[in-house]
Amino acid sequence: MSVSVIPPLANPCPNMPHYALPHEDKVRGLASLQKVRAQMREEQLARLYSRRSELVQHYEESNKLSEQQRIRHEIRKIDLQATHISERWS
């Protein structure tokens, strides 16, 4: 019984080196990945913070206690989402 060896992911075809990425391509790909992750984080946070600023303005204009409590709850929820997004896309 023969045991087949599965090549590592970094070198998928050891007998065909032209299938492996050169080091420069790997570095460029990782840099692009970091850039995209940062863009995704900023886009998602920008939407949340704009919604949060609308809620803060609405909170300041509101005279009803129940509405202010609802808005405070939504603001806390947005803050938690922002923290989660920052951690996830960092």
When every non-hydrogen atom of Ile75 is compared with those of Leu55, the smallest separation belongs to CG1-CB, 3.9 Å
Scanning both residues in full, the closest heavy-atom pair of Gln68 with Tyr59 reads CB-CE1, 3.3 Å
Using a strict cut-off of less than 4.0 Å between a Lys/Arg side-chain nitrogen and an Asp/Glu carboxylate oxygen, indicate whether Arg28 and Asp25 qualify as a salt bridge. yes
Return the CD to CZ distance between Glu74 and Arg72, rounded to the nearest 0.5 Å. 12.5 Å
Once rounded to the nearest 0.5 Å, what's the spacing between atom CD of Gln57 and atom CD of Glu54? 8.0 Å
Flag, side chain of Ser62 to backbone of His58, donor-acceptor distance under 3.5 Å: no
Without swapping roles, check the side chain of Arg37 against the backbone of Arg88 for a donor-acceptor pair under 3.5 Å. yes
If hydrophobic clusters are built from ILVMFWY residues whose side chains come within less than 4.5 Å, do Val56 and Leu45 share one? yes
Do Leu48 and Arg52 come within less than 4.5 Å of each other through their side chains, counting heavy atoms only? no
Does some side-chain heavy atom of Gln69 sit less than 4.5 Å from a side-chain heavy atom of His73? no
From Gln44, Gln39, Glu43, residue fulfilling side-chain hydrogen bond (donor to acceptor under 3.5 Å, both in side chains) relative to Trp89: Gln44
